[in-house]
Amino acid sequence: MDKIILTGDRPTGKLHVGHYIGSLKRRVELQNSGEFKKIFIMVADAQALTDNMENPEKVRQNIIEVVLDYLACGIDPKKSNIFIQSMVPELTELAFYYMNLVTVSRLQRNPTVKAEIGLRNFENSIPVGFFTYPISQASDITAFKATTVPVGEDQLPMIEQTREIVRKFNSVYGETLVEPEALIPKEDAAKRLPGTDGKAKMSKSLGNCIYLSDDADTVASAIKTMYTDPLHIKVSDPGHLEGNTVFTYLDAFSRPEHFAEYLPDYNSLYELKEHYTRGGLGDMKVKKFLASIMEETLAPIRARRAEFEKDIPAIYEMLKESCEVARNEAANTLSEVKNAMRINYFDDVELIKSQAERFHNK
Ligand code: TRP
């Protein structure tokens, strides 16, 4: 049991059902598997600031939202250390040294950075901090000697970059850092849940998210207006599954036992899909089924969140303690890194002795 997890999220908004199915659910399973010696879950506020520097208040407000979402989903602070990135300044110091192991052209080739530069209209005005965030992410991971980084597929280039930094560091300064592995979602449906409007990405600005903290009515009406198949006009028309958001959500959230419970006319998702494509099955019926499943999934999360919301100061207290634990871990690694690089001048008796001799023999 020497496996260690580190993962995290940028606190730029509340977490939605895409986060749940793509990562939070898995994290809770991993947490409860007993397979990991340590688990660190980081609220990446410093990384969030790399493209929100003009709006630190947004980041500040969303830290607690993200932590509440974690707790609501079943992340247990006794088993998983939840900490805030900026409260561990050792991470920044590590990044400063790693920066010398990475070239500008390597960063420019990082597909995630490339895509995000386009998304944020950065083209020629990329903040340096944003450009180098893959290096800071390597610090986050290596500071905790993480072996395992559960992330979405979009983060694979970050892990690859981290692995390169580790190999480079170890080859120049000696075996010090641990090379991590990414753990990505198993099922396709969990990899990227579309927005309720069928658009590829859920985003606050598009208003197409279902948040973990949404109340039952909000979720129900979001499903009622969910994008399906524009060619499926009459119930008798044959329906299409490709790009049909309701079915994508069913792929992600439905389980065999849901049929007996909410839709006993069908035995499986396969049968339901078959009827839909044949014609004669209305969208409303499928949506109602999805709404029941989502409610079953979200109701316990919502209830737990409401409990945690009753004592916010206790959550900040928990975070403060976890940040200290995280800081200790990172400080240990930083001191190993500095020893390996021999920037440990005051701890190195040999250095002082040899310098004394050198000057003495002049
Ligand atoms: N980049 C991640 C995101 O966009 C957040 C993150 C920061 C992270 N540091 C990390 C994820 C280290 C995994 C490991 O959500």
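These values consider heavy atoms only, across backbone and side chains, with no hydrogens, waters or symmetry-generated copies. Ligands are counted one by one from 1 in listed order, and the atoms in each one are counted from 1 as well.
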Do L91 and L319 land in one hydrophobic cluster if side-chain heavy atoms of ILVMFWY residues count as linked below 4.5 Å? no
Could you measure the distance from the CD atom of E116 to the CZ atom of F131? Nearest 0.5 Å is fine. 13.0 Å
Say whether, by atom type as modelled, one donor and one acceptor occur between the side chain of N62 and the main chain of K58 under 3.5 angstrom. yes
For a distance cut-off of 3.5 Å, show me each N or O of ligand 1 paired with any protein N or O, plus the separation.
{"unit_1": "ligand 1", "atom_1": "1 (N)", "unit_2": "Q47", "atom_2": "OE1", "d": "2.8"}
{"unit_1": "ligand 1", "atom_1": "1 (N)", "unit_2": "Q137", "atom_2": "OE1", "d": "3.1"}
{"unit_1": "ligand 1", "atom_1": "1 (N)", "unit_2": "Q155", "atom_2": "OE1", "d": "3.0"}
{"unit_1": "ligand 1", "atom_1": "4 (O)", "unit_2": "R10", "atom_2": "NE", "d": "3.4"}
{"unit_1": "ligand 1", "atom_1": "9 (N)", "unit_2": "D140", "atom_2": "OD2", "d": "2.8"}

Tightest non-hydrogen contact, residues Y133 and M158, listed as OH-CE, 3.4 Å
Would you call the rings of Y98 and F169 parallel, tilted or perpendicular if under 30° counts as parallel and over 60° as perpendicular? perpendicular
Are Y266 and F259, when compared by the centres of their aromatic rings, separated by less than 6.0 Å? no
